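Only one structure is covered here, and it is reproduced in the block below.
Predicted model, so just to flag it, every value in this text is computed and none were measured. Each chain gets a letter, A, B and so on, in the order the sequences are listed, and its residues count up from 1.
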Amino acid sequence: MSISQRKVRVRFAPSPTGGLHLGGVRTVLYNYLFAKKNGGEFILRIEDTDQTRFVEGAEQYIYDCLAWCGLEPDESPKHGGNYGPYRQSERKVTYKKYAEELISKGHAYYAFDTTEELEKMRIAFKTESNPSPQYDATIRKSMKNSLTLSPDEVNNLLQSGTPYVVRIKMPENETISFVDMIHEEVSFDSNVVDDKVLLKADGMPTYHLAVVVDDYLMKITHAFRGEEWLSSAPVHVLLWKYLFGLDNMPQWAHLPLILGPSGKLSKRDGAKYGFPVFAMNWTDPRNNEFTEGFKEKGFLPEAFVNLLAMLGWNSGTEQELFSLEELVQHFSIERVHKSGAKFDYEKAKWFNHEWIKNSSADQLFDGVKNVLSSKGISQIEEDYLKQVIELVKERCTLVSDFFEQSAYFFRTPESIDVDALKPKWNEQKRLFFEQYCLHLQQLNDWNVSEIESTFKNLATEMAIKPGELQLPMRIMLVGGKFGPAVFDIAFHIGKENTINRIHSAIPKIETP
RNA sequence: GCCGCGUUGGUCAAGGGGUUAAGACGCCUCCCUUUCACGGAGGAAUCACGGGUUCGAUUCCCGUACGUGGUACCA
């Protein structure tokens, strides 16, 4: 069956070496969207072939991030599936078999050069016009490999357990081209790509061999990856040609890079400009270096996914707010851009703000509750919190903003902005508030309109403009110049709190 | 250095041989609101440069510049 008729299968193939950054999550997203849009399957494969870079906990972290984003794979080491194992370290023998097949077909060879010898070569051949000499068609002739050594010598070395790698034998004077779903036709001159190592001395494959073999074995139909891979695509295309046939090669899509404010997106940039680059908090177990995540910063997963989707893709309409379901519906790889996009934290926050505003108190409840309890506000009544969320959500850009925007609903402000009050404060106003408290005390029915009309009537009676009294009252109740309508606040915090806060504020205003 | 990829306001971007070159974020002004937000109305700001092709190029072609990726027994 030709590849275009097969069921769509895509894969995200990270190496578990650290935090999952923006670009990684977006690659997952586009994979996921493409798979769901086409009724296909989304596979997570762990590319852990570099044992020196193994990081404890990194694999679990990837599952956690995907789960948070709502991008669950159909198959993975954790989720299982019919094409396992899904961890490349567990597929070692398979790769070796294909490496040998390549050698027997004359497309690869054994190389016995030591690291030191390679280094020597690079120094020896280094010139001003060629600062980084490659192990290529000319240089391989002067190296220690099965192309230069006699079959006997090679056998002896192999028999005696001499460490070796397998390298691809790049053809000379060929143009290697393929059609990328995003970049259209891309071509390379085979003379400028080197004899990449396919199988390392420890018996593990390099990425180049592993992707091709696994994509074939796992029946991948479309391969999405970051554009940083475009340069090595000719190696992969050749491997497909030599091993499984170009007809079976998945369609490639090299996704544009996500850049930081000063070019390449880095953790450093994140720290410098105050925004996260990882999906979730990540602490590197090797050095305890901590990097903040979008989740903990206060982003809603829906917003995170939404903003990532729009970085390099758009629907062609003016719609910017999309749920995951809507993205699945509207996504098309044809509308993915060719060029990289700079990540703009301001816009990211706007997406989050929009999602918070559009979410119900029920949806926001758990997140807000966590934020508050982490700040010492627990023992919250569910209905009360929900009412508060409704009242303040349009003022919150991040979920973490709910703390400062709503803390005063749960406890008396620790300090109040007396400086904003002092200049216009006078005897008459103090009298007003004392009277007002007395009136409030008498109120039988504690509701917004009673609280408000009592306030206004008394103000009129005392010939003070109500407006001049509202700000002081707000500051007494809230602590600062923010928050929803004052009388709503008074209503929610209750009669006793309202009166107490007013009473305790007056002396503070009057202390010089 | 070499190779690949790219280039519409500060950012994300629509568009594409003839347009007043959408929209969003951010910024500014005003309205609403005697708080902060939300909301509403406006405003400033763009086709990297140079050559072609064409009656006409932001759009097509070629260069240049710039950016970005690769140039590892890392992915």
State, yes or no, whether a side-chain contact exists between Y95(A) and L198(A) at a heavy-atom distance under 4.5 Å.
-> no
Can you check whether V213(A) reaches T94(A) side chain to side chain, under 4.5 Å on heavy atoms?
->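 Touching, per the 4.5 Å side-chain cut-off.
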For nucleotides [N] and [M], find the distance between their [atom1] atoms and express it as a whole number of Å.
N: U53(B); M: C62(B); atom1: P; answer: 15 Å
N: A22(B); M: C12(B); atom1: C1'; answer: 14 Å
N: A37(B); M: U19(B); atom1: P; answer: 42 Å
N: U35(B); M: U68(B); atom1: P; answer: 47 Å
N: C60(B); M: G6(B); atom1: P; answer: 12 Å
N: G9(B); M: C25(B); atom1: C1'; answer: 12 Å
N: G70(B); M: C61(B); atom1: C1'; answer: 28 Å
N: U11(B); M: G67(B); atom1: P; answer: 14 Å

Within the side chain of R501(A), is there an N or O that forms a donor-acceptor pair under 3.5 Å with the backbone of P413(A)?
-> no
Considering heavy-atom distances to RNA chain B, does R474(A) or D202(A) have its closest nucleotide positioned more toward the 5' end?
-> R474(A)
Taking for each residue the nucleotide of RNA chain B bearing the nearest heavy atom, is the 5' side occupied by R395(A) or by G316(A)?
-> G316(A)
For the rings on F432(A) and F455(A), is their centre-to-centre separation under 6.0 Å?
-> yes
Candidate nucleotides [options], ranked by approach to the side chain of [X] - the nearest:
X: A341(A); options: C12(B), C74(B), A24(B); result: C12(B)
X: E354(A); options: G4(B), G69(B), G39(B); result: G39(B)
X: H183(A); options: G1(B), A13(B), G6(B); result: G6(B)
X: E394(A); options: A37(B), G4(B), G1(B); result: A37(B)
X: K196(A); options: C5(B), U35(B), U71(B); result: U71(B)
X: A201(A); options: C74(B), G4(B), C73(B); result: C73(B)
X: R335(A); options: G15(B), C2(B), U71(B); result: G15(B)
X: S339(A); options: U7(B), C73(B), A13(B); result: U7(B)
X: F188(A); options: G69(B), C73(B), G4(B); result: G4(B)
X: E228(A); options: G70(B), C73(B), A37(B); result: G70(B)

Over all strands shown, is [X] touching base, sugar-phosphate only, or nothing at heavy-atom distances under 4.0 angstrom?
X: E468(A); value: base
X: T49(A); value: sugar-phosphate
X: H353(A); value: sugar-phosphate
X: V165(A); value: base
X: P484(A); value: base
X: V478(A); value: nothing
X: H337(A); value: sugar-phosphate

Least distance between heavy atoms, R26(A) atom then L311(A) atom | NH1-O, 2.6 Å
Looking at W355(A), F278(A), F294(A), F351(A), which hits ring-ring contact (aromatic ring centres under 6.0 Å, His included) with F304(A)?
->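 Checked W355(A), F278(A), F294(A), F351(A) against F304(A); only one passes ring-ring contact (aromatic ring centres under 6.0 Å, His included): F294(A).
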For R167(A) and N145(A), does a side-chain donor sit closer than 3.5 Å to a side-chain acceptor?
->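 There is no such pair (donor and acceptor under 3.5 Å, judged by atom type) between the side chains of R167(A) and N145(A).
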Find out whether the Lys NZ or Arg CZ of K347(A) is both under 6.0 angstrom from the six-membered ring centre of W350(A) and within 45° of the ring's axis.
->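 Positive - K347(A) is close enough to the ring of W350(A) and near enough to its axis.
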Would one find a side-chain N or O of K393(A) under 4.0 angstrom from OP1 or OP2 of C38(B)?
-> no
Under 4.0 Å between a side-chain N/O of N314(A) and OP1 or OP2 of A14(B), yes or no?
->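 Yes, because at least one side-chain N or O of N314(A) sits under 4.0 Å from OP1 or OP2 of A14(B).
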For the residue pair F299(A) and Y345(A), categorise the inter-ring angle as parallel (less than 30°), tilted (30 to 60°) or perpendicular (more than 60°).
->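 Taking Y345(A) first and then F299(A), their aromatic rings sit tilted (interplane angle of 30° to 60°).
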Protein-nucleotide distance (F178(A), atom CZ; G4(B), atom C1'), rounded to Å = 10 Å
Whole angstrom is fine here: how far is it from CZ in F54(A) over to C1' in C74(B)?
->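 Going from CZ in F54(A) over to C1' in C74(B) covers 16 Å.
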Between the base of G69(B) and the side chain of S231(A), is there a donor-acceptor distance below 3.5 Å?
-> yes
What stems, by residue range, does RNA chain B take part in, given at least 3 consecutive Watson-Crick or G-U pairs under 3.5 Å?
->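 B:1-7 with B:65-71, B:10-12 with B:23-25, B:27-31 with B:39-43, B:48-52 with B:60-64 - these are the stems of 3 or more pairs that involve RNA chain B.
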Salt bridge present between E101(A) and K97(A) (N-O < 4.0 angstrom) = no
